[in-house]
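By convention in this document, chain letters (A, B, ...) are assigned in the order of the sequence lines, proteins followed by strands, and residues within each chain are numbered from 1. A quick note: this is a predicted structure, and the numbers were derived from the prediction, not measured.
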Amino acid sequence: MTDFISIEGIAKRYPDRAGKITTIFENLWMPIVRGEFACIVGHSGCGKTTVLNILAGLDRPTDGAVIVDGEAIEGTSLDRAVIFQSHALFPWRTVAGNIAFAVSSKWPKWTRAEVARHVQTFVDLVGLTGSESKHPSELSGGMKQRVGIARALSITPKILLMDEPFSALDALTRGTLQDEVRRICLETGQTTFMITHDVDEAIYLADKIFLMTNGPGAMLAEVVENPLPKDRGRIELHRHPLYYATRNHIVDFLVSRSRTFADTVKDRDPRLVPLVRPGIAEPVLLALAKPVASPAEATSHLAGATGRIASKGETP
Amino acid sequence: MRVSLTARAAIVSVALFLVFIGAWHLATRGTSATAAMSPEYAKLMGVTATQGKSAMPGPVDVGEKLWGHLKRPFYDNGPNDKGLGIQLGFSIARVLVGYLIAVAVALPLGFLVGMSPLMHKALDPFIQILKPISPLAWMPLALYTIKDSSVSAIFVIFICAIWPMLINTAFGVASVRKEWISVARTLEVGTFRRVFTVILPAAAPTILTGMRISIGIAWLVIVAAEMLVGGTGIGYFVWNEWNNLSITNVIIAILMIGLVGMAFDQVLARVTRLVTFPE
């Protein structure tokens, strides 16, 4: 396998009160390439957070394994940093103290001065210069999450894991933080795995978007390759010709296909999940009298997917 | 200009205090009838019988006596006549020794119970049975086994102070926010460092609340314990002055017990504020 992270046939099952076993998901395979930003999208209860916790080492799969950089993961690791939805800062530590806690965990032999210098680099990186000695209670929600991001990045992890990191923030703050995260991830080539409910956020940030069907018994339906250019900006994102095709494809999936997918697709090899690249919609035939423009570029890896998108590619 | 709430509350407090003192003074002024008696008999009977003075001391009597105590808090005229400061000192020392031993036992044990579900389940029946026992019920057992009344009093303080601290520590440790534990886990923080840098600061406000309840109970119990064991201490002083029929001294002792108890509580309340951080 050339993939950096390879989730190989993991399953999570819980016995319920009556002793019956509920399968959240099983035989889940996911490849993530080094330096890629992967987003997982799906409804509540499909096991997204469980997948992330397994990747982080906070939870164990009932079956299967996760290979990172050629080695099966065993518990938590300083190579994998987590940004929590509720930022999870220690209220008794200052901004610098919270980041220093992570830094001195990674490099216990460092002197106080070395830790402080390293902490300052990451305080500056997330734009919190001047707030080093404030306590979390003195910060706004956005600033708290910046500290959470700085803490996760400060240990220079191989993988950054984010569990709906921006969902508790207001729209403006969310936008600026998304910009920051995208800038940092592009600059450092950070491999990132994120859970989100926000389709626009996924399209803006992710290189690959993993679509999961509803649980229990959730499965990975398909992987959407983001067709938007690497240098996309958040402001003009929705003006890009491929934006709505991508967005509609994902929204359609969440609205209807996530529910029906498991029934319509039988006997599929869970290792061979289709990789889809949404293309521009084909023009709709209006009349036969006039010449019709030839179909525009439609670059999907799957012919079926292209056709499906084309038939409902109009913007809402 | 509007007077601040604190100032207005202070005015009400002072007014209530003055009303209380006034009522007390009026009630103990003494106007009851005096019986005719021979001068020698009158000398024996004292002012209560001869001048109709109330047997209950008034605020002025108590104030005068209190001033006397405050001028000479540490005199020692033998076993039955020691200064108020000495008596309070004995009680405070006993409470602090018993309390500190209880802290030394309850905190580590509370961490164990809070962190290990096995120990929680295993120790729970013992805690549930031992907790509701009145500390004074241990006194005969303590006197019989320890054979030293002063140490027995310390043991009683220990046994009454341990439970609120143990239960609060266990609860505080067990209910540390899961995310904070997850942060420590993802950073591969060892158990020792996790206990001292994550769990202890997170549980500190709950632990200190338990310690505050404990010191309050310990101070309540020491008075009763010293009445039983005798010898020294403010509890003994109260009982001794009751036997001397010196209601004035009893009232002064009650006032002192209240003041010292308040001081203990305020100190721990201040420490609790120091370790409590809003999120």
Side-chain angles (χ1 to χ4, degrees), chain A residues 49 52-60 73-94 97-108 134-141 144-145 147-148 151-152 154-163 165 168, chain B residues 103 107-108 110-111 114-118 121 165 168-212 267-279:
Chain A
T49 301
L52 186 124
N53 282 343
I54 290 170
L55 266 175
L58 292 168
D59 204 345
R60 278 170 191 282
I73 63 164
E74 202 56 61
T76 57
S77 160
L78 283 158
D79 287 339
R80 284 168 268 133
V82 186
I83 296 175
F84 295 87
Q85 183 179 7
S86 58
H87 57 76
L89 299 180
F90 299 140
W92 56 89
R93 280 175 174 261
T94 61
N98 268 288
I99 303 170
F101 182 77
V103 174
S104 52
S105 301
K106 173 102 180 193
W107 297 283
K134 283 188 180 157
H135 279 90
S137 58
E138 302 167 76
L139 303 178
S140 68
K144 282 182 199 160
Q145 196 52 287
V147 182
R151 178 173 63 184
S154 70
I155 60 169
T156 56
K158 287 182 184 168
I159 307 166
L160 185 62
L161 302 166
M162 299 195 267
D163 187 357
Chain B
V103 169
L107 260 49
F111 267 83
M115 288 175 76
S116 152
L118 172 80
K121 272 199 188 315
M165 279 194 273
N168 265 47
T169 306
F171 176 75
V173 168
S175 48
V176 171
R177 275 189 37 201
K178 246 193 143 76
E179 288 102 349
W180 294 338
I181 303 290
S182 293
V183 168
R185 279 181 65 199
T186 55
L187 293 172
E188 294 192 316
V189 174
T191 312
F192 189 76
R193 186 155 176 254
R194 190 174 80 225
V195 165
F196 283 98
T197 60
V198 180
I199 298 175
L200 183 63
T206 321
I207 295 174
L208 269 151
T209 306
M211 291 175 71
R212 198 173 157 191
V267 168
L268 277 163
R270 189 148 295 182
V271 180
T272 310
R273 270 203 296 281
L274 283 180
V275 300
T276 307
F277 293 91
E279 280 184 53

Subject >> Validation row: A/Phe90, B/Val183 side chains within 4.5 angstrom (heavy atoms) >> reply: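 A/Phe90 vs B/Val183: side chains touch.
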Original post:
Are any of the side-chain heavy atoms of A/Phe84 and B/Ser182 separated by less than 4.5 Å?
Top reply: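 SC-SC contact between A/Phe84 and B/Ser182 confirmed.
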**OP:** Among the options A/Pro108, A/Pro136, A/Ala102, A/Ser77, pick out the one with the most heavy-atom pairs lying under 4.5 Å from chain B.
**Re:**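 Most heavy-atom pairs within the cutoff with chain B belong to A/Ser77.
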Subject >> Option that, when pairs with chain B are counted at under 4.5 Å, heavy atom only, ranks first among A/Arg151, A/Lys106, A/Lys144, A/His87 >> reply: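 The residue among A/Arg151, A/Lys106, A/Lys144, A/His87 with the greatest pair count is A/Arg151.
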Name the atoms and distances for all side-chain donor-acceptor pairs under 3.5 Å in residues 190-204 of chain B, with sequence neighbours left out.
unit_1: B/Arg193; atom_1: NH1; unit_2: A/Ser105; atom_2: OG; d: 2.9
unit_1: B/Arg193; atom_1: NH2; unit_2: A/Ser104; atom_2: OG; d: 3.2
unit_1: B/Thr197; atom_1: OG1; unit_2: B/Arg193; atom_2: O; d: 2.5

Subject >> CG-OG1 distance between A/Asn53 and B/Thr186, expressed to the nearest 0.5 angstrom >> reply: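 Reported value, rounded in 0.5 Å steps: 10.5 Å.
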Original post:
Considering only heavy atoms, which portion of A/Leu58 lies under 4.5 Å from any heavy atom of chain B: side chain, backbone, both, or neither?
Top reply: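 Contact with chain B involves both backbone and side-chain atoms of A/Leu58.
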Compare every heavy atom of [Y] with every heavy atom of [X], then report the nearest pair and how far apart it is.
| X | Y | result |
| --- | --- | --- |
| A/Pro91 | B/Glu279 | CG-CG, 3.8 Å |
| B/Trp180 | A/Leu89 | NE1-O, 3.0 Å |
| A/Leu78 | B/Leu187 | CD2-O, 3.4 Å |

Subject >> Within 6.0 Å of CZ in B/Phe277, more than 12 heavy atoms from elsewhere >> reply: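 Yes, the 6.0 Å shell around CZ holds more than 12 heavy atoms from other groups.
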Original post:
Between B/Arg185 and chain A, which part of the residue has a heavy atom less than 4.5 Å away: side chain, backbone, both or neither?
Top reply: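 For B/Arg185, heavy atoms of backbone and side chain both lie under 4.5 Å from chain A.
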Original post:
Residues two or more places apart in sequence or in another chain: which of them pass side-chain hydrogen bond (donor to acceptor under 3.5 Å, both in side chains) with A/Ser86?
Top reply: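 A/Ser86 satisfies side-chain hydrogen bond (donor to acceptor under 3.5 Å, both in side chains) with B/Glu179 once adjacent residues are dropped.
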